[in-house]
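Counting starts at 1 for both ligands and their atoms, in listed order. Model, not experiment: these values are computed from the prediction. For reference, positions follow the sequence shown, starting with 1. The analysis underlying the following values was restricted to heavy atoms, covering all of them including side chains, and did not include hydrogens, waters or symmetry mates.
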Amino acid sequence: MEKAASFLFSGIHFDRKKFAHDFDRFKEKKGSDNSLEKLSLVETGRAEPEDGMMSRKKRKRKTKISETVEGFSVFKSSESVVATEQKDKAENEFSREKKEVNRQIERDALLRKKHGIHISGLNVPSPLQNFAELSSRYICKSYLLRNLAELGFKEPTPIQRQAITVLLSGRECFACAPTGSGKTLAFLCPILMKLKHGSKDGVRAVVLCPTRELAAQTSRECKKLAKGKKFYIKLMTKELSRSADFDKMPCDILVSTPLRLQYAIRKRKLDLSRVEYLVLDESDKLFELGFVKQIDSVVKACSNPLVVRSLFSATLPDSVEELARTIMHDAVRVIVGRKNSASELIKQKLVFTGSEEGKLLALRQSFAESLNPPVLVFVQSKERAKELYKELAFDNIRVDVIHADLPQIQIIIVFHICYLIFPTIEDGCTLTVPYITQRDNTVDDFRAGKTWVLIATDVIARGMDFKGVNCVINYDVPESAAAYIHRIGRSGRAGRSGEAITLYTEDDMAFLRNIANVMAASGCEVPSWIMDLPKLRRKKHRPQRDSILTKPSNLVEE
Ligand SMILES: Nc1ncnc2c1ncn2[C@@H]1O[C@H](COP(=O)(O)OP(=O)(O)OP(=O)(O)O)[C@@H](O)[C@H]1O
């Protein structure tokens with residue numbers, strides 16, 4: 001380098017005589033500079049170490065000092081040393097924090113990978129390592145941790161690990177996780193934590209579910225989680241939506257179907273302007289045509305600009321996500337496993353029965369050989385549910401049926417309390433017992449094990465949590481891949497295994513490929529000829545089917 005420099009400057013001669021005056025000044029200045037530098041270092045007690053082992057940082061600092069000192073007072077230089085020190089300290093702190101952030105990002109990524117959690121969105125909070133983190137990272141009251149433990153929930157499920165922290169950080173959320181993977185707790189837990197305690201200030205959280213049964217189940221789960229804490233948790237019954245005085249009725253968390261809520265908003269002037277949390281459970285169902293207007297009016301009624309909205313489902317088509325994005329802000333997307341796939345805990349099978357008669361025969365045969373209750377049998381319409389029920393009711397099986405046509409009975413008990421008995425009371429009084437529906441009874445009997453085989457339409461295909469359903473039989477092939485995923489998802493819940501059998505005939509060939517795709521994606525074997533079938537262009541599969549009727553030749557000999 002030196003050689004190069006001398007080569008570059010060769011031939012240039014500095015005339016010291018001619019520039020003697022300037023040369024002297026230059027020499028003086030250089031000397032005074034050094035003295036100043038020395039002085040400033042001594043003053044701050046940071047003189048250069050004698051052994052000459054000066055770190056790179058210090059050298060850098062030294063250079064800076066000499067630059068600052070030039071032409072200014074001594075006092076300023078000492079201030080700048082302090083400032084530089086502080087700057088260095090801040091820089092060190094910053095780089096330490098940056099390293100820690102990077103390490104946390106790595107740990108989060110590993111935890112997410114381990115649990116099959118996929119996220120998109122900016123600054124997604126770390127997933128939970130365990131439930132104890134609800135206290136250490138967030139303010140979680142002891143009642144909730146106690147209730148989780150009492151319910152036997154030792155570890156958060158993957159969707160709970162991520163969706164809970166997203167909602168606790170105040171972010172909106174799209175969550176898609178397999179059936180039976182604990183999505184209900186994933187949205188209820190943050191709501192309870194954020195609302196802290198009950199109040200009489202109006203509705204603060206709304207959970208919308210597509211069916212009455214699911215709404216009832218969700219409000220029950222919410223009450224279990226809130227046990228020991230005064231919260232007003234209400235299920236919107238038909239009676240409530242028609243006659244409640246919502247101004248006087250304390251309610252923190254309201255669980256409802258869209259129609260009943262819309263009715264209450266319109267007719268009972270239910271005020272939702274203070275709602276802080278709005279959950280659309282089974283959101284893809286709620287965004288279907290029949291519900292869209294009702295959802296729209298509920299979303300509008302929840303007019304608090306700070307409302308946190310979240311969408312939960314086991315199936316979340318892109319179209320729904322796109323639609324939902326138009327109303328959501330800075331939402332985080334959390335997908336567990338593969339989007340729109342069935343639970344891997346369910347063993348799925350396809351059985352060809354040739355015809356409708358063949359289906360009934362196959363069902364009877366399978367029950368005769370090995371009936372392992374509880375079993376759910378899905379059909380495509382209420383008419384077919386009634387037909388199949390008639391057929392099986394005479395077999396020696398405890399069978400029941402559930403569909404949208406089952407009546408609701410309101411029991412009104414009128415007490416005419418005679419003033420002769422209670423002289424202080426002049427009038428009679430009317431006690432209205434909440435609607436008791438035959439649908440509720442049917443569900444309860446199935447839960448209690450009184451019913452072995454429950455024949456159902458898609459009314460209970462979504463969200464219903466029947467513990468330990470061993471087998472789901474699709475007597476009729478479902479109308480869509482999503483319907484298939486939800487139906488079979490009534491078994492194989494909360495880590496248990498399950499079985500799903502789908503009976504099909506020639507009429508179902510066109511739709512078979514869609515089911516086979518779901519099966520293959522969750523690791524089940526599918527005959528290759530099915531995968532070679534052409535894709536179905538129609539969206540819904542609802543073929544015209546022959547009635548379910550035993551013909552003499554169908555009877556199984558005992
Ligand atoms: N952390 C947990 N540990 C063990 N069991 C849990 C945990 N969280 C929830 N469960 C149980 O798992 C079962 C399924 O939960 P949940 O009904 O919330 O599933 P889901 O994901 O909403 O299903 P679906 O998509 O069918 O609605 C319930 O019985 C619930 O009590």
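Closest protein heavy atom to atom 31 (O) of ligand 1: F153 CZ, 3.2 Å. The closest protein non-hydrogen atom to atom 17 (O) of ligand 1 is R493 NH2, 3.0 Å. Protein heavy atom closest to atom 21 (O) of ligand 1, with residue, atom name and distance, is K183 NZ, 2.8 Å. Looking from atom 16 (P) of ligand 1 to the surrounding protein, the closest heavy atom is T184 OG1, 3.6 Å. Nearest protein heavy-atom neighbour of atom 28 (C) of ligand 1: D465 OD2, 3.0 Å. At the shortest separation from atom 19 (O) of ligand 1 among protein heavy atoms lies G182 N, 3.2 Å. Protein heavy atom nearest atom 9 (C) of ligand 1, with residue, atom name and distance: Q160 NE2, 3.6 Å. Protein heavy atom at the shortest distance from atom 12 (O) of ligand 1 is A494 CB, 3.2 Å.
The closest approach between any non-hydrogen atom of A177 and ligand 1 is not below 4.0 Å. Contact annotation: M464 has no heavy atom less than 4.0 Å from any atom of ligand 1. Residue R462 places no heavy atom under 4.0 Å from ligand 1.
The distance from ligand 1 to the heavy atoms of P178 drops below 4.0 Å at these ligand atoms: 21 (O). For ligand 1, the atoms lying closer than 4.0 Å to a non-hydrogen atom of E282 are 27 (O). Taking a cut-off of under 4.0 Å to the non-hydrogen atoms of S181, the atoms of ligand 1 that pass are 19 (O), 20 (P), 21 (O). The atoms of ligand 1 that sit less than 4.0 Å from any heavy atom of R490 are 26 (O). Ligand 1 places these atoms under 4.0 Å from at least one heavy atom of K467: 29 (O).
Listed for the R204 side chain is no donor-acceptor partner under 3.5 Å among the backbone atoms of R274.
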Stepwise side-chain hydrogen bond (donor to acceptor under 3.5 Å, both in side chains) test for N304 and S273
CA-CA 5 Å; N304 177 357; S273 63; over 6 Å; no
Determine whether Q217 and R447 satisfy the following criterion, side-chain hydrogen bond (donor to acceptor under 3.5 Å, both in side chains), listing intermediate values before the conclusion.
CA-CA 12 Å; Q217 178 183 290; R447 279 193 208 282; 3.2 Å; yes
Go through the steps for R309 and H329 under the test side-chain hydrogen bond (donor to acceptor under 3.5 Å, both in side chains), then give the verdict.
CA-CA 9 Å; R309 287 161 289 206; H329 313 288; 3.3 Å; yes
Take L261 and L272 through the test side chain to side chain contact (heavy atoms under 4.5 Å, CB included) and record every step on the way to the result.
CA-CA 10 Å; L261 192 55; L272 297 182; 4.3 Å; yes
Yes or no on side-chain hydrogen bond (donor to acceptor under 3.5 Å, both in side chains) for D284 and T315, after CA distance, side-chain angles and deciding distance?
CA-CA 7 Å; D284 51 332; T315 48; 2.4 Å; yes
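Scored by the side-chain contact (heavy atoms from CB on, under 4.5 Å) test, S297 finds Q262 as partners (sequence neighbours excluded). In this view, F378 satisfies the ring-ring contact (aromatic ring centres under 6.0 Å, His included) rule with no residue, not counting sequence neighbours.
Distances between N or O atoms of H486 and those of ligand 1 include no value under 3.5 Å. Residue contacts with ligand 1: L185 is placed with no nitrogen or oxygen under 3.5 Å of a nitrogen or oxygen of the ligand (distance criterion only). The shortest N or O to N or O distance between A314 and ligand 1 is not under 3.5 Å. Considering backbone and side-chain N/O atoms, Q217 never comes within less than 3.5 Å of an N/O atom of ligand 1.
Exactly one of R384, R487, K285 qualifies for a salt bridge (Lys or Arg N to Asp or Glu O under 4.0 Å) with D458. That residue is R487. Checking Q348, E479, H541 one by one against Y484, the side chain to side chain donor-acceptor pair (under 3.5 Å) holds for a single residue, Q348.
Heavy-atom neighbours of R325 CZ from other residues, nucleotides or ligands within 6.0 Å: above the threshold of 12. No more than 12 heavy atoms of other residues, nucleotides or ligands shown are found within 6.0 angstrom of CD on E344.
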